[in-house]
Protein chains: 2
Amino acid sequence: MIAESEKVHDICFVQTGIIVKCINLSSEEKLKEAAKTVFLKKGFAGTTARDIADAAGMNIALTNYYFRSKEKLFVEIFRDLFELYCTNTIKILDRPVELKEKIIAIIEEDYRMMKEEPSLVLFIMTEIHRDCENLLPELSKYKELLKGKLVGHIQEAVQKGIIRNIEVEHLMPIIIGSLQFIFVGKNMHMKMHSMSEAQFDKYTETHKNHVIGMVTNYLFTDLNLN
Amino acid sequence: MIAESEKVHDICFVQTGIIVKCINLSSEEKLKEAAKTVFLKKGFAGTTARDIADAAGMNIALTNYYFRSKEKLFVEIFRDLFELYCTNTIKILDRPVELKEKIIAIIEEDYRMMKEEPSLVLFIMTEIHRDCENLLPELSKYKELLKGKLVGHIQEAVQKGIIRNIEVEHLMPIIIGSLQFIFVGKNMHMKMHSMSEAQFDKYTETHKNHVIGMVTNYLFTDLNLN
DNA sequence: AAAGATTTTAAATGTTTGTTTAAAATTAAA
DNA sequence: TTTAATTTTAAACAAACATTTAAAATCTTT
């Protein structure tokens with residue numbers, strides 16, 4: 001028997017050598033973390049209950065004991081990840097800075113998120129493609145949040161003539177699409193140009209800078225030319 | 001019974017007016033077409049042998065009779081679809097027109113292809129993510145073709161000062177990324193903005209025009225500003 | 001029309017799937 | 001320390017899975 005204090009998967013907050021707080025990840029949490037990793041890698045259809053149990057180092061029955069079914073566990077994880085995908089952008093819109101600065105910050109933050117979880121976007125798109133209705137019942141929440149925080153700002157900027165007149169539905173894809181595409185096709189691009197992980201990191205950073213230039217150039221300059 | 005001469009999907013080898021050999025490909029082709037549809041919709045892991053047989057209206061054993069296994073059939077279909085994905089772009093590069101015109105033509109052609117097969121890009125990215133090594137053993141073929149046809153043209157244009165100095169590895173994603181992203185996230189965007197299929201068509205066309213403006217603007221104008 | 005080759009079928013194969021069960025092990029409460 | 005509640009386990013479950021088989025049906029050749 002392993003003593004409680006020796007169990008792995010604890011998170012300890014240490015300040016100047018002293019353990020301030022020590023949280024023992026419960027079996028339920030360990031299972032969910034392991035499942036998240038596997039689902040992100042293999043998707044819902046490609047993941048078996050045994051994959052999850054193996055990744056967590058736990059018994060095959062525990063998924064159903066804690067989450068009742070593979071699908072219920074998946075939906076829980078998907079909701080978390082979709083919120084991560086959406087709220088990153090939304091919280092930036094609250095910053096009290098200029099629109100151009102905001103848009104650059106969105107791209108930078110999006111880049112940071114994808115660098116941390118490169119398969120997140122492909123995962124979300126794949127699973128929505130598979131089962132849109134069940135996975136996005138509350139999409140309108142994010143939709144309203146995003147629109148509410150953008151529309152006013154955009155209209156004001158359009159009237160002032162500092163930004164191109166663009167529908168809000170097109171603005172976000174214009175801003176984030178090109179960079180997210182690179183991560184969606186990560187494996188293809190890596191194989192295509194024979195890149196290592198480190199080289200891919202450099203590649204995406206360069207690409208991010210191209211995107212910042214391209215997007216701001218299009219939205220904020222030469223409005224009379226097109 | 002339908003007479004042999006009236007059957008569709010026959011391929012006949014004729015030499016000096018005489019039928020030397022006549023192969024009826026109907027069942028094999030029907031099966032492959034049905035499998036292509038199902039794989040595009042559900043992916044490899046989400047598709048069962050029964051899904052394919054049902055879609056083709058044929059017996060469950062025929063996949064193995066004609067293609068030996070579900071995976072061999074899948075690989076065959078994936079190769080076809082990946083070629084479709086790549087060669088569309090490559091053949092445009094042969095046109096004897098200016099670089100700017102070529103890039104616009106690539107976007108237009110890409111748009112046409114995705115309108116015809118909206119789930120193609122997501123399918124390719126998902127499957128490469130799942131099994132890159134097995135699915136892309138001959139990727140270098142397309143890589144060389146693409147680079148060979150672009151590099152010279154780009155370098156020349158850069159020297160003439162008519163295009164921004166950009167690495168060829170970044171050029172294609174800059175051109176096609178933003179628009180392909182819209183189709184990768186088709187279901188999400190449709191649900192997000194409560195669009196019908198017809199409305200999505202209009203949406204993508206508008207987006208395509210934004211992309212053309214944005215890309216050409218970035219690549220061909222104001223080179224001194226950034 | 002008969003013989004031979006090919007295609008299609010229904011049934012069965014063994015494996016893997018998600019899930020359940022009931023007992024064992026562990027933890028918490030008395 | 002004993003009892004009760006909870007967690008973990010190994011085993012079993014039916015259903016679904018890809019694939020195979022051998023017979024039936026169809027087509028081609030003679």
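Every value quoted in this text rests on a predicted model; they were computed, and no experiment measured them. In what follows, every chain begins at residue 1, and chains take the letters A, B, ... in the order their sequences are listed.
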Any chance you could list the contact pattern along nucleotides 19-25 of chain C? Use B for base contacts, S for sugar-phosphate-only contacts and - for none, protein heavy atoms under 4.0 Å, 5' to 3'.
BBB----

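Contact annotation for A/Tyr66: backbone-only contact, meaning every heavy-atom pair under 4.0 Å involves sugar-phosphate atoms and none involves a base.
Atom C1' of nucleotide C/dT17 and atom CG of A/Asp51 are separated by 11 Å, given to the nearest angstrom. Whole-Å rounding puts the B/Met58 CE to D/dA18 P distance at 17 Å. Distance NZ (A/Lys42) to C1' (C/dG18): 16 Å, rounded to an integer number of Å. One atom, CG of A/Asp54, and another, C1' of C/dT16, lie 14 Å apart when rounded to the nearest Å. Separating the CG atom of B/Leu62 from the P atom of D/dA25 is a distance of 16 Å, rounded to the nearest angstrom. Between B/Phe74 atom CZ and D/dA18 atom P the separation is 13 Å, expressed in whole Å.
A cation-pi arrangement is present between B/Lys70 and B/Phe44 under the rule of less than 6.0 angstrom and at most 45 degrees off the ring axis.
In this structure, a donor-acceptor pair under 3.5 Å is absent between the side chains of A/Tyr65 and A/Glu28. No side-chain N or O of A/Tyr66 forms a donor-acceptor pair with one of A/Glu29 less than 3.5 Å apart.
Remark: B/Lys186 engages B/Glu197 in a salt bridge, criterion side-chain N to carboxylate O under 4.0 Å.
Ring to ring, A/Tyr142 and A/Phe82 are close: their centroids are under 6.0 angstrom apart.
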Can you check salt bridge (charged side-chain N to carboxylate O under 4.0 Å, His left out) on B/Arg112 and B/Glu116, steps first, answer last?
CA-CA 6 Å; B/Arg112 197 200 55 72; B/Glu116 201 169 299; 3.0 Å; yes

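To the nearest whole angstrom, the two C1' atoms, one in D/dC13 and one in D/dC17, are 16 Å apart.
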